[in-house]
Amino acid sequence: MSAANLSSPPSGSSSTKSAASAAAEPRPSNFIRDAMIEDLKTKKYGDAVIQTRFPPEPNGYLHIGHAKAICLDFGLADEFGGKTNLRFDDTNPEKEEQEYVDSIMKDVHWLGFEWDDLCYASDYFGQLYEWAVKLIKDGKAYVDDLSAEEIRQHRGTLTEPGKQSPYRSRTPEENLDLFERMRKGEFPDGTRVLRAKIDMASPNLNMRDPVMYRILHADHHRTGSKWCIYPMYDYAHGQSDSIERVTHSMCTLEFEDHRPLYNWFVQNLGIFPSQQYEFDRLSLTYTLLSKRRLLKLVQENLVRGWDDPRMPTLSGIRRRGYTAEAVRNFCAAIGVSKTNGTLELAMLEHFVREDLNKRAPRVMAVLRPLKVVIDNYPDGQVEELDAVNNPEDETAGTRKVPFSKVLYIEQDDFREEPPKKYYRLSPGVEVRLRYAYFITAKSVVKNEQGEIVEVHCTYDPATRGGNAPDARKVKSTIHWVSAEHALDAEVRLYDKLFAKPDPNDVEEGQEFTANLDPNSLETIAHAKLEPSLADAPVESRYQFERLGYFCVDPDSKPGKPVFNRTVALKDAWAKIEKRG
RNA sequence: UGGGCCGUCGACUAAUGGUAGGUCAAGUGCCUUUGGAGCACUUUGUCUAGGUUCGAAUCCUAGCGGCCCAGCCA
């Protein structure tokens with residue numbers, strides 16, 4: 001492969017490894033791709049292919065921020081014919097669980113990626129231990145008896161250098177003995193650590209003799225009780241990369257300060273020189289992407305679980321109805337850089353609409369029913385009218401929709417006193433019922449509270465199907481459902497989980513939970529759906545015409561489907577109305 | 001205030017010393033049996049000040065602003 005070819009990647013990938021690669025489009029340049037092109041050109045790693053890895057810690061569910069990392073790790077490697085491992089960074093047994101491992105694998109697959117090797121940092125515990133022994137023998141690591149608190153005090157501050165531990169000058173023999181006994185479980189948690197001997201005066205705090213191993217008498221989800229000492233991230237991550245011969249190790253910006261340490265271990269161990277590259281973490285308005293905070297929402301039952309459709313987790317947005325392709329397109333479009341910024345949620349929603357617009361069958365559903373009686377329509381008559389399934393996709397075909405004398409329309413679609421620019425049904429106004437007839441509102445029936453409970457209309461039999469033989473026009477088309485044939489359904493309308501663009505923007509003393517939007521979920525118990533939806537399978541997606549995209553929730557029961565609103569359609573009228 | 005990183009339309013991101021472009025958002029119009037979709041058009045940007053250069057978003061200097069780092073978390 002020549003450098004010239006590399007500089008303009010093909011628009012489609014020849015690899016069939018990932019579903020995601022099939023839809024690949026020309027991507028804008030970014031600094032990591034540039035580095036790969038350069039490294040291939042200069043044969044930095046000889047003839048080795050690009051090797052990346054996606055390294056989640058199994059201590060929570062993956063979210064949309066991880067999707068960006070996944071698309072980068074897998075996408076970039078795939079683009080250059082390279083490989084990507086899924087590696088669980090499981091060095092902290094106290095926080096990690098098999099449930100998270102399972103969910104992560106499921107989510108990566110759902111996104112459309114297939115890893116080459118499935119790896120665990122815990123698979124390397126033995127090798128890591130041997131390397132620690134080597135560093136001790138080389139006089140580059142020592143066992144420290146200081147307490148956590150004392151270590152902290154010795155570390156110094158941002159502006160003052162640290163002080164050396166009194167245990168820093170132990171001999172390799174003594175360190176070897178102590179480290180061995182740490183491993184054997186002779187010491188309680190927290191009594192000793194193994195530290196790298198680097199520089200207590202470094203302006204980079206990560207280089208001030210960082211802890212490599214701590215004692216933790218805890219069962220590990222994979223290694224059980226085999227170990228009671230566990231490596232720290234900094235001592236495990238780079239070496240794991242090295243073992244897997246990762247060429248380009250991508251991580252987020254906050255690890256920039258760790259790179260010198262990453263390189264220190266590589267150099268002093270003399271192992272495969274993986275190179276770390278840091279990119280900007282994804283931030284989205286009205287969204288929290290912190291595992292700690294998402295965990296809190298779950299644990300305190302502020303949401304229904306990790307897969308609550310309001311959660312930014314991949315399981316949440318999947319349940320909400322987002323498609324993997326939409327998420328991938330989004331990730332490709334937002335690019336990657338070293339700038340810390342916040343993307344507008346609207347950007348994500350755009351890609352969801354764009355994808356669903358192409359694939360979601362159209363269907364009619366009335367969320368807030370208002371009864372309409374067609375006075376001049378024959379009692380008891382039912383017509384089966386033709387409706388097209390997807391105007392964006394001719395192959396989607398047509399279906400029959402029953403029409404009768406009594407219908408439901410949306411309450412929003414009738415106004416007794418229409419405001420300016422309101423084109424929908426109102427007294428004396430003629431509109432089109434989609435795929436049916438032109439109707440004209442004649443009168444209303446109100447209850448004791450003065451609310452409109454029924455609208456009486458007449459229809460023009462000559463407009464069957466929705467066209468007038470005299471070519472007269474109507475200003476609007478509204479959707480409807482035949483009352484007698486309607487399917488009763490629960491519909492869950494989701495909105496942003498948080499009321500503020502920055503959920504962390506709180507008053508003194510308040511927590512981010514104060515910004516939770518109490519209206520983020522509105523449940524409609526009895527929406528009226530066209531009968532074709534009776535057997536819609538879980539996770540199937542539809543466009544409810546003029547309303548938005550909806551998908552079938554797993555809570556659905558036979559005869560009583562539950563639909564989630566994925567995202568509303570863009571609403572020009574709402575905009576006009578809001579402006580006044 | 002020590003160190004690291006970063007400043008381009010409202011948001012995100014290109015331009016790799018040579019025309020500041022794309023996407024989202026916003027607005028206008030066209031079209032429409034979804035006030036959807038689509039199409040067309042429009043508005044708005046190189047943090048500041050110096051310097052180098054025929055030419056600077058890009059290189060240099062100095063400011064200013066933002067983010068990250070003092071876990072035996074990752």
Side-chain angles (χ1 to χ4, degrees), chain A residues 28-31 34 55-57 59 89 91-92 94-96 144 146-149 151-153 155-162 189-195 202-208 210-216 229-230 232-234 236-237 251-260 278 280 282 285 291-292 330 333-351 353-354 357-358 362 364 387-388 391-392 421-424 432-436 438 465-467 473-479 543-548 568-576:
Chain A
S29 153
N30 73 56
F31 68 100
D34 290 347
E57 183 189 13
N59 68 340
D89 217 341
T91 56
N92 185 355
E94 295 183 324
K95 291 186 178 172
E96 295 149 9
D144 196 345
L146 255 28
S147 69
E149 172 63 12
I151 286 181
R152 192 179 64 75
Q153 283 164 358
R155 189 152 28 227
T157 69
L158 295 178
T159 52
E160 303 160 37
D189 288 4
T191 52
R192 275 173 240 262
V193 292
L194 182 71
R195 291 229 251 172
S202 171
N204 180 347
L205 301 244
N206 294 121
M207 299 298 271
R208 316 241 265 227
V211 172
M212 294 164 58
Y213 273 93
R214 75 283 214 187
I215 301 172
L216 239 36
I229 57 171
Y230 291 93
M232 297 287 291
Y233 167 85
D234 283 310
H237 201 98
C251 63
T252 44
L253 251 23
E254 67 269 27
F255 291 99
E256 276 177 318
D257 286 342
H258 293 245
R259 182 160 20 100
E278 310 87 9
D280 60 324
L282 172 66
T285 54
K291 274 195 199 172
R292 210 197 92 236
F330 167 74
I334 62 177
V336 58
S337 73
K338 294 174 82 80
T339 318
N340 249 319
T342 303
L343 261 117
E344 290 169 353
L345 223 211
M347 185 93 159
L348 210 209
E349 293 185 333
H350 162 79
F351 286 96
R353 288 193 188 97
E354 181 184 67
N357 177 51
K358 284 183 295 190
R362 315 290 128 127
M364 290 197 285
V388 333
E392 304 292 320
K421 290 190 178 171
Y422 183 90
Y423 303 143
R424 282 113 95 149
R432 173 167 40 232
L433 292 177
R434 181 137 229 225
Y435 302 126
F438 285 10
N467 285 306
K473 301 286 184 194
V474 289
K475 274 284 211 181
S476 84
T477 299
I478 64 176
H479 61 276
Q543 185 196 103
F544 289 1
E545 292 218 31
R546 301 207 304 132
L547 298 175
L569 248 26
K570 286 208 273 184
D571 189 345
W573 166 245
K575 236 180 244 179
I576 293 168

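Hydrogens, waters and symmetry mates play no part in the numbers below; they use all other heavy atoms, side chains included. Throughout, protein chains are lettered first and strands after them, A, B, ... in sequence-line order, and every chain is numbered starting at 1. Quick caveat: nothing in here was measured; it's all calculated off a predicted structure.
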Could you give the CE-to-P distance, from Met364(A) to G36(B), as a whole number of Å? 18 Å
Starting at the 5' end of RNA chain B, which residue's closest nucleotide do you reach first, Leu205(A) or Glu545(A)? Glu545(A)
Please state how far atom CD1 in Ile576(A) lies from atom P in G27(B), giving the value in whole angstrom units. 10 Å
Measure CZ/Arg424(A) against P/U34(B) and give the value in whole Å, please. 13 Å
Salt-bridge contact Arg259(A)-Glu278(A) (side-chain N to carboxylate O under 4.0 Å): yes
Regarding G3(B), can its base be found pairing with the side chain of Glu256(A) as donor and acceptor, where the two atoms are less than 3.5 Å apart? no
Looking for any heavy atom pair under 4.0 Å, which part of the strands does Val336(A) touch: base, sugar-phosphate only, or nothing? sugar-phosphate
Side chain of Thr159(A) only, heavy atoms from C-beta on: which candidate in U1(B), C69(B), G27(B) is closest? U1(B)
Has the side chain of Glu344(A) got a donor or acceptor atom sitting under 3.5 Å from an opposite partner on the base of G10(B)? yes
Pick base, sugar-phosphate or nothing for Ile229(A), based on heavy-atom distances below 4.0 Å to the nucleic acid. nothing
Arg155(A) near the nucleic acid: base, sugar-phosphate alone, or nothing, with a heavy-atom cut-off under 4.0 Å? sugar-phosphate
Using a heavy-atom cut-off of under 4.0 Å over every strand shown, decide if Pro391(A) touches base, sugar-phosphate, or nothing. base
With both distances kept under 3.5 Å, what pairs with U19(B), Watson-Crick or G-U wobble? none
How many whole angstroms separate atom CZ of Arg362(A) from atom P of G35(B)? 13 Å
Round to a whole Å and report the spacing from CZ of Arg353(A) to C1' of C24(B). 11 Å
Does A14(B) have a Watson-Crick or wobble partner in any strand here, with both distances under 3.5 angstrom, and which is it? none
Separation between the C1' atoms of A14(B) and G7(B), rounded to whole Å: 16 Å
Between the side-chain atoms of Asn204(A) and the base atoms of G4(B), is any donor-acceptor pair under 3.5 Å? no
In this structure, how many angstroms lie between the P atom of G7(B) and the CG atom of Leu253(A), rounded? 10 Å
Gap in Å between the two P atoms, one belonging to U58(B) and one to G2(B), rounded: 26 Å
Does Asp257(A) reach the side chain of Leu205(A), with side-chain heavy atoms less than 4.5 Å apart? no
Using the C1' atom as the point on both nucleotides, what is the distance between C24(B) and G18(B), in whole Å? 30 Å
Among A70(B), U13(B), C72(B), the one nearest any side-chain atom of Thr339(A) is U13(B)
Need one value for His258(A): base, sugar-phosphate or nothing, where a base atom within 4.0 Å counts as base even if backbone is also close, heavy atoms only. base
Should the side chain of Arg152(A) and the base of G71(B) be counted as holding a donor-acceptor pair, with the cut-off at 3.5 Å? no
With the side chain of Asp34(A) defined as its heavy atoms from C-beta on, choose the nearest nucleotide among A74(B), U16(B), G2(B). U16(B)
To the nearest angstrom, the CG-C1' distance between Leu569(A) and U34(B) comes to 7 Å
With a 4.0 Å cut-off on heavy atoms, is Tyr213(A) in touch with a base, just the backbone sugar-phosphate, or nothing at all? nothing
Complementary nucleotide for G29(B) - Watson-Crick or wobble, under 3.5 Å: C39(B)
Among C6(B), A25(B), A37(B), the one nearest any side-chain atom of Lys338(A) is C6(B)
Over all strands shown, is Tyr230(A) touching base, sugar-phosphate only, or nothing at heavy-atom distances under 4.0 angstrom? nothing
Check every strand shown and say whether Ser147(A) touches a base, only sugar-phosphate, or nothing at a heavy-atom separation below 4.0 Å. base
Can you name the closest pair of heavy atoms from His237(A) and Pro55(A) and give their distance? CE1-CB, 3.5 Å
Paired with U34(B): which nucleotide, if any, by Watson-Crick or G-U wobble criteria at under 3.5 Å for both distances? none
Of the nucleotides C69(B), A74(B), G35(B), which one has an atom closest to the side chain of Asp257(A)? C69(B)
For G4(B), does the O4'-C1'-N9-C4 or O4'-C1'-N1-C2 angle fall within 90° of 0, making it syn, or is it anti? anti
Taking a pair to mean Watson-Crick or G-U wobble geometry with both distances below 3.5 Å, C72(B) pairs with none
Mind checking if Glu278(A) touches a base, just sugar-phosphate, or nothing, with heavy atoms under 4.0 Å? nothing
I'd like the C1' distance from U44(B) over to U28(B), given in whole Å. 15 Å
Please tell me whether Ser147(A) and Glu149(A) have a donor and an acceptor in their side chains that are separated by less than 3.5 angstrom. no
In whole Å, measure the gap between the C1' atoms of A56(B) and U52(B) for me. 10 Å
Base-pairing mate for A49(B) - Watson-Crick or G-U, with both contacts under 3.5 Å: U61(B)
Under 4.0 Å, counting only non-hydrogen atoms across every strand here, what does Asn59(A) touch: a base, just sugar-phosphate, or nothing? nothing
Would you say Arg208(A)'s side chain and Ser202(A)'s backbone share a donor-acceptor pair under 3.5 angstrom? yes
Report, as yes or no, whether the 6.0 Å neighbourhood of atom NZ on Lys358(A) holds more than 12 heavy atoms from other residues, nucleotides or ligands. yes
Selected nucleotide, minimal atom distance to Tyr423(A) side chain, candidates G36(B), A74(B), G35(B): G35(B)
Give one of base, sugar-phosphate or nothing for Val211(A), where a contact means two heavy atoms less than 4.0 Å apart. sugar-phosphate
Base, sugar-phosphate or nothing for Ala346(A)? Non-hydrogen atoms, less than 4.0 Å. sugar-phosphate
C39(B) and U48(B), which share atom name C1', separated by this distance in whole Å: 42 Å
Nearest of A15(B), U34(B), G35(B) to any side-chain atom of Ser29(A)? A15(B)
Would you say C5(B) has OP1 or OP2 under 4.0 Å from some side-chain N or O of Arg259(A)? no
Pick the P atom in C47(B) and in G10(B), then give their distance to the nearest Å. 12 Å
Which heavy atom of Thr342(A) sits nearest to which heavy atom of Thr285(A), and what is that distance? CG2-N, 3.6 Å
Would you mind telling me which of U34(B), G35(B), C72(B) lies closest to the side-chain atoms of Tyr422(A)? G35(B)
Tyr233(A) vs His258(A) aromatic rings, parallel, tilted or perpendicular, using cut-offs 30° and 60°? perpendicular
Now, which nucleotide makes the Watson-Crick or G-U wobble pair with A56(B), with each of the two distances under 3.5 Å? none
Distance, C1' atom - from A25(B) to A11(B), rounded to whole angstrom: 7 Å
What is the distance, to the nearest angstrom, from the CD1 atom on Ile478(A) to the P atom on G36(B)? 16 Å
Shortest non-hydrogen separation from Met232(A) to Val211(A) and the atoms involved: CG-O, 3.3 Å
Which nucleotide in the list G35(B), A74(B), G2(B) gets nearest to the side chain of Pro203(A)? G2(B)
Judged by each residue's nearest nucleotide on RNA chain B, which is more toward the 5′ side, Ser476(A) or Met347(A)? Met347(A)
Taking NZ, NE, NH1 and NH2 as the nitrogens, is one of them in Glu57(A) or Lys291(A) under 4.0 Å from a carboxylate oxygen of the other? no
